[in-house]
Amino acid sequence: MAGTATLPKAERHPEAQEDGVATNEDVESTVRAVVDDLCQQVTDAQGDRQEWVDNQTKWFKQRYGIRGRKTFPWPDASNLHLPLTDSVIKNLLAKFDRLVFGSIPIASVEPTGAETAEDAKRVEGFMDWLLRTRMHNEHIGYSFRAQLSIANSRMAEQGFAIVKCTWEERTRPVRETLDVSELPDDFQQLVLMLRGEVPEGMQIDGDLLDAVAGAGTPEEFAGIVIADFYNMDPEADAKKIAKIVRAIKAGEDVVTFTYNEICYSAPYMKSIDTADFIVPADTMHLQHARFAAEKMWFSQQQIEEKGRLGLWGNIDKLYQPVAGATGNRLVKPRTASSGQAQGRNGLDLLPLVKRQKEGVRETGTTSDLREIWELHFWYREDDEDALQRYYAVVDAGTKTVLRGPKPLPYDHGLLPYIQISRERMDARFHASRGIPETVRDLQAELNVSINQQTDRETINNAPFYTYLTGSG
């Protein structure tokens with residue numbers, strides 16, 4: 001199979017690695033050994049926490065009242081579930097949301113050092129705008145408020161939540177039509193200069209002449225104007241801009257073109273399912289973990305797009321070519337994955353239970369997703385270097401390195417994850433309890449009481465035996 005085509009450097013994603021994505025051959029043997037050993041540690045850590053994962057399924061069922069058919073004291077006996085657990089959680093979520101978004105501004109800033117109260121007030125206003133407005137984008141389906149609500153729900157149900165904080169760059173294809181006749185007068189003059197059609201005696205605007213002289217040539221200034229007008233990246237979209245300028249210069253009055261517009265460039269906080277985040281079982285504080293792994297699932301189309309944009313490499317190693325087929329047609333992954341965590345005792349049942357609750361099922365198409373790990377670990381390239389955080393993106397099935405390993409790009413040197421715990425009863429990572437665990441006995445007692453009462457009323461209304469009065 002031919003490898004996934006990669007865009008020219010100027011047209012790749014803003015986060016594409018400048019020095020290229022490492023291939024397995026490019027990764028030094030020592031680093032390769034580190035990644036292989038790390039993948040084994042992640043697999044072992046999944047087995048170590050299997051009982052905890054099983055409990056998450058139990059707490060989910062308790063919250064939403066998912067239960068099997070009763071056979072005692074008779075088939076289809078009363079099986080009511082009083083929504084105590086979910087009611088308590090919803091009450092807490094409403095309070096959490098009001099606590100954060102009911103405050104104006106959201107953030108409170110205290111001045112320190114040379115900063116003044118006015119400086120702090122400006123920062124408060126900026127943070128309020130950032131969290132309420134900027135971190136909300138319909139084009140990419142993202143909302144900070146929605147993600148925080150999901151994180152709070154997981155925290156209340158599972159005991160803690162994991163959120164990932166990064167800077168996100170998202171682009172979207174935009175098709176535009178440039179009609180020269182609709183451009184402002186000063187640009188009309190620029191078009192005449194491009195085409196060499198300036199009428200004799202015509203007075204060109206002085207500011208335009210200065211701008212053209214500053215840019216160098218009319219072509220170069222026209223490119224600057226077009227990039228600014230359409231919010232294009234002068235470097236990444238240089239070829240497209242030059243093509244548009246050539247078309248206008250050649251006499252075309254209507255030019256249609258497509259380019260990638262940056263529709264989101266801002267902080268990005270995403271809530272991660274706690275079952276999809278793995279650390280060693282003996283972890284205390286998240287930032288002190290020996291390693292951390294985030295599990296993600298991607299379709300074939302998503303993987304190929306990341307390869308095309310220069311974000312991932314080694315894409316061709318994940319699939320096999322179809323016999324007799326031409327082009328880049330791919331078959332299913334060598335190692336099938338249905339988006340479920342593999343544990344020591346088998347599959348994580350929580351995704352299945354969630355689909356049962358929603359009334360959906362997984363077909364062959366939706367199950368053909370590859371499990372990808374984003375790994376974070378300590379590493380030093382040289383014995384004289386200090387240990388620092390590295391990251392790598394690895395295919396879980398083949399252990400193929402898709403991105404990295406590279407040092408974390410953050411000046412603070414911390415993992416881009418935060419653990420939000422509901423309670424602080426112990427320093428251990430998995431110690432915090434959710435609402436279902438704290439009220440399980442009361443929830444069970446309520447369910448038993450109401451069902452026993454209902455069964456008793458059923459017996460009273462429909463006796464098991466009937467007899468004739470006086471029959472002895």
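Side chains are part of it too, since the values below use all heavy atoms of this structure and drop only hydrogens, waters and symmetry mates.
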side-chain hydrogen bond (donor to acceptor under 3.5 Å, both in side chains) pairs touching residues 82-93, sequence neighbours excluded, are Gln62-Thr85, Arg63-Asp86, Thr85-Gln443, Asp86-Lys90, Asn91-Lys95
My understanding is that only residues two or more places apart in sequence, or in another chain, count here; which of them pass ring pair (Phe, Tyr, Trp, His ring centres under 6.0 Å) with Tyr390? Tyr379
After noting the C-alpha distance and the side-chain angles of Trp74 and Thr458, does the key distance pass the side chain to side chain donor-acceptor pair (under 3.5 Å) rule? CA-CA 11 Å; Trp74 56 78; Thr458 299; over 6 Å; no
Just to verify, what does Arg175 make a salt bridge (Lys or Arg N to Asp or Glu O under 4.0 Å) with, not counting sequence neighbours? none
Arg145: side chain to side chain donor-acceptor pair (under 3.5 Å) partners, not counting sequence neighbours: Asp97
Thr177 and Thr256 have their tightest heavy-atom pair at OG1-OG1, 3.4 Å
Residue pairs passing the side-chain hydrogen bond (donor to acceptor under 3.5 Å, both in side chains) test where at least one lies in residues 429-442, sequence neighbours excluded: Glu423-Arg433
Closest non-hydrogen contact found for Tyr391 with Pro409 is CE2-CD, 4.2 Å
Using the benzene-type ring in the case of Trp, are the ring centres of Tyr64 and Trp59 under 6.0 Å apart? no
Output yes when Arg290 and Asp282 qualify as a salt bridge under the 4.0 Å nitrogen-oxygen rule, no when they do not. yes
Tell me, please, which residues at least two apart from Gln40 pass side chain to side chain donor-acceptor pair (under 3.5 Å). Asp44
Pairing residues for Val353 by the side-chain contact (heavy atoms from CB on, under 4.5 Å) criterion, not counting sequence neighbours: Thr57, Phe60, Lys61, Ile66
Check side-chain contact (heavy atoms from CB on, under 4.5 Å) between Glu445 and all other residues, then give those that pass, not counting sequence neighbours. Ser449
Looking at Arg154 and Glu157, does any basic side-chain N land under 4.0 Å from a carboxylate oxygen? no
Any chance the rings of Tyr268 and Phe144 have centres within less than 6.0 Å? no
Derivation and outcome, side chain to side chain donor-acceptor pair (under 3.5 Å), residues Trp373 and Glu371: CA-CA 7 Å; Trp373 292 349; Glu371 183 175 337; 2.9 Å; yes
Calculate, to the nearest 0.5 Å, the distance between atoms CD and SG belonging to Gln147 and Cys165 respectively. 10.5 Å
Looking only at heavy atoms, the pair that brings Gln419 and Leu286 closest together is N-CD2, 3.9 Å
Test of understanding: with side-chain contact (heavy atoms from CB on, under 4.5 Å), list the residues that count as partners of Val174, not counting sequence neighbours. Arg172, Glu176, Tyr259, Glu261
Taking only residues two or more places apart in sequence or in another chain, which ones pass side chain to side chain donor-acceptor pair (under 3.5 Å) with Arg122? Asp119
On a heavy-atom basis, which atom in Arg69 and which in Asp76 lie closest, and how many Å separate them? NE-OD1, 2.7 Å
Side chain to side chain donor-acceptor pair (under 3.5 Å) with Arg134: which residues, sequence neighbours excluded? none
List for me each residue that meets side-chain contact (heavy atoms from CB on, under 4.5 Å) alongside Gln452, sequence neighbours excluded, and say none if there are none. Val448
